[in-house]
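If you're wondering where the values come from, they're calculated on a predicted model, not measured in any experiment. Any value given below was found using the heavy atoms of this structure, including those in side chains, with hydrogens, waters and symmetry copies removed.
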Amino acid sequence: FKDGIYDRPYRDPSLVNKIEGHQKTALQTAEEAITLLKNTDHILPIDPAKVNRIVVVGTPEALKVYTGTGSGKVEGYDQVDYPTGLENIYGSKIIHSRTISDDQIRSADVVLYFINKHAGEGSDKPFVLPRVDSMVNRYAALNKNLVVVYSGGNGLAMPWLQKTKAFVFAYLLGQQSGTALARVISGAVSPSGKLPFTIEKSFRQSPAYDYNKMRDSSYYWGGGKRDSRMMEKFGPIDLTYKEGIYMGYRWYDKKKFAPQFPFGFGLSYTTFDFSKLHLSSTSISKDKPVMVEVTITNTGSSAGAEVAQLYIHAIHSKIDRPVMALKGFKRILLKAGESKKIQIPLKLHDLAYWSETSHDWQVDHGRYEIALGASSKDIRQKAIIQY
């Protein structure tokens, strides 16, 4: 009340003038987020001039979803769904209706199958999606050129992955979702998103496996219900976060689990080379940070963006530490054949861990490996620094 927030106008008419700029930002954000996880035989991009029929299939929700639910729901305005975005580029070459025949699927140049998973608080989200598994198998049997596009906020089981030509992770792209995806599918934009989490092959690899198992070995939601709203029956249960400091990709590294897709992974329509790693110094101190420099070259035939990722590894650590830890990243856009140097700063605190003995951040003297690459499992250049 004192700051006048309660009494200020509900609407600000002047903000209407910013709508066009917001739309451009929404489109750019969505385009840069889209992550290409598989692209066999370079089926993507699909040149509008070289294709005759693209069949689009999926539930009505999967074809229109662009935001989460509950506190994750943002309405936006002038929302462009996936079929509309594709039709704006491919026109009548897009075949989309409630009833698509097997013959239409067989005769299509490409089949785009859209899937999604609810994203919102208040219920558990299954890792395995049996209906999706069944439908992918069906479409793949009818047409070998199957591309799966997934909208959601976390991972899923992919027993069908080998049967698809391409897999696109679209997250929840906001109001310009259809336009952004169509621009990536058509090649107007090269995908450059990177996974912000690990996708395991099996949920048994996850630290959250058996999270709802009670002391008597039963499951408090039965193991097969849609959600976990059974508090009235069972009351609260203890949840153990057994990964400790090994959150995210650190868990899979520590357990030596080979993921379906690793943290930081994402393909492009072009390729990149990392070379000429250079450190401003081979030693680091509180007053002397190290600048890590590497040259990235676009070795493909089209423009694209790469995200260089810097990880550290404590060699011969005295304590239990993650195998690798992300400490910096840099996105760079390059034309075909172009090379540029990028720099990522590394400070002494980047080598620190929280000491349970001193109750403070601590850096141990010793050697540390600097690793640069295109994902946590695709390291291209390494060097050693001393503290």
Side-chain angles (χ1 to χ4, degrees), residues 24-54 56 80 82 85-91 93-94 108-112 144-150 161 164-171 173 176-196 261-262 264-276 294-309 329-342 372-375 377-381:
K24 291 179 180 179
T25 300
L27 178 59
Q28 180 184 353
T29 303
E31 289 175 349
E32 293 183 7
I34 292 171
T35 304
L36 181 62
L37 297 181
K38 182 181 180 181
N39 193 23
T40 304
D41 298 333
H42 304 288
I43 190 170
L44 298 179
I46 304 170
D47 189 338
K50 296 180 181 180
V51 69
N52 294 316
R53 283 187 299 276
I54 300 175
V56 173
V80 181
Y82 291 132
L86 290 165
E87 288 167 358
N88 288 339
I89 288 181
Y90 293 95
K93 295 179 179 180
I94 296 295
D109 297 312
V110 180
V111 176
L112 299 180
K144 65 179 182 179
N145 292 328
L146 176 63
V147 175
V148 176
V149 180
Y150 169 68
L161 188 62
T164 64
K165 279 289 184 72
F167 180 49
V168 179
F169 207 104
Y171 309 95
L173 295 175
Q176 291 291 314
S177 57
T179 302
L181 183 82
R183 283 171 56 78
V184 168
I185 293 292
S186 66
V189 172
S190 179
S192 60
K194 299 285 187 174
L195 273 183
F261 292 107
F265 179 78
L267 300 173
S268 171
Y269 292 153
T270 186
T271 53
F272 300 94
D273 179 64
F274 290 61
S275 64
K276 300 176 183 178
V294 68
T295 298
I296 299 181
T297 302
N298 182 339
T299 54
S301 58
S302 62
E306 177 63 294
V307 180
Q309 302 161 42
F329 59 91
K330 183 92 172 186
R331 184 179 188 274
I332 184 169
L333 180 64
L334 296 170
K335 299 176 184 177
E338 186 179 16
S339 295
K340 283 185 179 179
K341 294 179 181 179
I342 64 163
L372 273 123
S375 82
K377 294 297 183 184
D378 185 9
I379 300 302
R380 309 288 185 87
Q381 296 281 305

For this session: Check whether any side-chain heavy atom of T35 lies under 4.5 Å from a side-chain heavy atom of F167, and answer yes or no.
Result: no

For this session: Could you tell me which residues satisfy side chain to side chain donor-acceptor pair (under 3.5 Å) with K38, sequence neighbours excluded, listed by chain and number?
Result: none

For this session: Measure across A308 and I296 and return the closest heavy-atom pair with its distance rounded to 0.1 Å.
Result: CB-CD1, 3.7 Å

Exercise. Would S268 and S190 count as having a side-chain donor-acceptor pair, cut-off 3.5 Å?
Worked result: yes

Exercise. Looking only at heavy atoms, which two atoms of F169 and L37 are closest? And how far apart?
Worked result: CD1-CD1, 3.9 Å

Problem set entry | Close side-chain approach of I94 and Y82, heavy atoms under 4.5 Å | no

For this session: Not counting sequence neighbours, which residues clear side chain to side chain contact (heavy atoms under 4.5 Å, CB included) with K93? List them please.
Result: V51, Y90

Exercise. Looking at NZ of K341 and NZ of K330, how far apart are the two atoms once the value is rounded to the nearest 0.5 Å?
Worked result: 14.5 Å

Problem set entry | Inter-residue atom distance T40.OG1 - K144.NZ, 0.5 Å rounding | 12.5 Å

Exercise. Are any side-chain N or O atoms of T270 and backbone N or O atoms of G300, one a donor and one an acceptor, separated by less than 3.5 Å?
Worked result: yes

Exercise. Under the salt bridge (Lys or Arg N to Asp or Glu O under 4.0 Å) test, which residues partner E32, sequence neighbours left out?
Worked result: R331

Problem set entry | F272: ring-ring contact (aromatic ring centres under 6.0 Å, His included) partners, not counting sequence neighbours | none

Exercise. Any side-chain heavy-atom pair from K165 and L146 closer than 4.5 angstrom?
Worked result: no

Problem set entry | Which residues share a side chain to side chain contact (heavy atoms under 4.5 Å, CB included) with A26, sequence neighbours left out | Q175, Q176

Problem set entry | Nearest atoms (heavy-atom pairs only) where T297 meets S339 | OG1-OG, 2.6 Å

Exercise. Are any side-chain N or O atoms of S177 and backbone N or O atoms of V80, one a donor and one an acceptor, separated by less than 3.5 Å?
Worked result: yes

Exercise. Looking at OG1 of T299 and CZ of F274, how far apart are the two atoms once the value is rounded to the nearest 0.5 Å?
Worked result: 10.5 Å

For this session: Determine the minimum heavy-atom distance between A336 and S301, stating which atoms define it.
Result: CB-C, 3.6 Å

Exercise. Mind checking what makes salt bridge (Lys or Arg N to Asp or Glu O under 4.0 Å) contact with K194, not counting sequence neighbours?
Worked result: E306

Problem set entry | Spacing of D273 atom CG and N298 atom CG [to the nearest 0.5 Å] | 10.5 Å

For this session: Mark yes or no for whether N145, through its side chain, and D109, through its backbone, hold a donor-acceptor pair below 3.5 Å.
Result: yes

Problem set entry | pair L181-I34: side-chain heavy atoms closer than 4.5 Å | yes

Problem set entry | Intermediate values then yes/no, side chain to side chain contact (heavy atoms under 4.5 Å, CB included), I54 and I185 | CA-CA 11 Å; I54 300 175; I185 293 292; 5.8 Å; no

For this session: Take V168 and V184, measure what side chain to side chain contact (heavy atoms under 4.5 Å, CB included) needs, and give me the verdict at the end.
Result: CA-CA 10 Å; V168 179; V184 168; 5.7 Å; no

Exercise. What heavy-atom pair brings I89 and P48 nearest, and what distance separates the two atoms?
Worked result: CG2-CG, 3.9 Å

For this session: Could you tell me which non-hydrogen atom of Y171 sits nearest to which non-hydrogen atom of A33, and how far apart they are?
Result: CE1-O, 3.1 Å

For this session: Would you check if the side chain of E31 reaches a backbone N or O of R183 as a donor-acceptor pair within less than 3.5 Å?
Result: no

